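Below is one structure; the comments refer to it alone.
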Amino acid sequence: MNIPKHRALFQTAENAGQKLIERSQEDPAVVADVYSKLYKVRTALDKLSARADQRLGRLQHVLLQSQEFHVSFAEFLEKLGRVEEQIALQAPVSGVYGTAKEQNQQQKLVNDIIQQQEPLFEQLVRAGRNVLDTSEPGPDREALENKLTDTTQRWDSVKRQTADRQEQLDQVLPLAKEFHGEMQDIKPWLSDAEKRLQAVEPDVCDQRSIDKTTGYVK
């Protein structure tokens with residue numbers, strides 16, 4: 001479009017027109033015609049320049065918005081990748097109370113990360129949609145749209161896996177704790193019983209020894 005170049009050309013034409021007006025004062029028709037032509041061109045050029053400035057402003061805003069978005073989006077994807085890796089390395093929920101308790105603590109850390117990142121994810125999606133709305137159709141716009149869709153699916157998958165694991169831990173942990181407590185209660189008796197059995201004399205055949213052994217066993 002090169003508006004500055006054509007504005008310079010118009011300035012040259014306007015100077016020539018002014019000289020023509022000065023030399024045609026005795027011919028009102030020529031003066032009016034030159035004024036009219038200059039006015040029409042100047043008006044059209046000013047409108048075109050204003051529209052171009054507005055478009056340039058919008059493009060600059062979109063570019064800035066897009067740059068900020070891509071920086072924030074890249075940082076979010078990095079965090080998302082770390083969470084996905086952490087989830088992939090998780091061992092199955094254990095029925096051993098101590099292990100399940102530790103797994104629950106680790107899971108709460110993952111839950112906290114997701115809760116902290118959820119507002120950022122929603123903000124990025126809105127910003128991405130705004131960039132799409134102001135972008136021209138083409139490969140870049142399509143690539144961004146695909147990236148938003150893929151990231152949304154990954155984020156939903158992470159939240160679903162996290163929620164499922166927490167639900168499983170909530171079910172297993174109380175049962176593991178109850179079993180652990182009952183086993184702890186029975187351990188002293190079991191230890192004492194084993195000691196008493198070890199103290200019992202070898203098998204004997206006389207009635208007195210049998211009665212004594214039976215007393216120990218009971």
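Computed from a prediction, not measured in an experiment: that's the story for all the values here.
- Each of Gln106, Gln107, Gln103 was compared with Gln90 under the side chain to side chain donor-acceptor pair (under 3.5 Å) criterion, and only Gln107 meets it.
- For the residue pair Ala100 and Ser94, the shortest heavy atom distance occurs at CB-O, 3.4 Å.
- A salt bridge is defined here as a Lys NZ or Arg NE, NH1 or NH2 lying under 4.0 Å from an Asp or Glu carboxylate O, and Arg82 with Glu78 meets this definition.
- The number of heavy-atom neighbours closer than 6.0 Å to NZ of Lys159, taken from other residues, nucleotides and ligands shown, is above 12.
- Side-chain atoms of Ser157 never come within 3.5 Å of backbone atoms of Gln153 as a donor-acceptor pair (strictly under, hydrogens ignored).
- Minimum interatomic distance between Ala176 and Gly95 (heavy atoms only, all atoms of both residues): CB-O, 3.3 Å.
- Interatomic distance, NZ of Lys79 versus CD1 of Ile113, reported as 10.0 Å (0.5 Å rounding).
- For the pair Arg126 and Gln123, the minimum side-chain heavy-atom distance is below 4.5 Å.
- Leu175 and Val96 fall into different hydrophobic clusters, where Ile, Leu, Val, Met, Phe, Trp and Tyr side chains are chained together by heavy-atom contacts under 4.5 Å.
- Nearest heavy atoms, Thr152 versus Leu148: OG1-O, 2.8 Å.
- No side-chain donor-acceptor contact under 3.5 Å links Asp150 to the backbone of Asn146.
- A heavy-atom distance below 4.5 Å is found between the side chains of Gln166 and Asn104.
- One distance of note links CG of Asp164 with CG of Leu169; it measures 11.0 Å at 0.5 Å rounding.
- Closest approach of Leu132 to Arg141, counting heavy atoms only: O-NE, 3.0 Å.
- Hydrophobic clustering (ILVMFWY, side-chain heavy atoms < 4.5 Å, transitive): Val158 and Val93 are in distinct clusters.
- Note that the CD atom of Glu102 and the OH atom of Tyr97 stand 12.5 Å from one another [nearest 0.5 Å].
- Taken from CD1 in Ile114 to CG in Leu109, the straight-line distance is 11.5 Å, to the nearest 0.5 Å.
- For the atom pair CZ of Arg165 and CD1 of Ile87, the computed distance is 9.0 Å after rounding to the nearest 0.5 Å.
- Using modelled atom types and a 3.5 Å distance limit, the side chains of Asn111 and Gln115 yield no donor-acceptor pair.
- The line from CZ of Phe73 to NZ of Lys147 is 6.0 Å long, rounded to the nearest 0.5 Å.
- Just one residue in the list Glu118, Glu84, Gln117 forms a side chain to side chain donor-acceptor pair (under 3.5 Å) with Trp155, and that residue is Glu118.
- When every heavy atom of Gly128 is checked against every heavy atom of Leu144, the shortest pair comes out as O-CD2, 4.2 Å.
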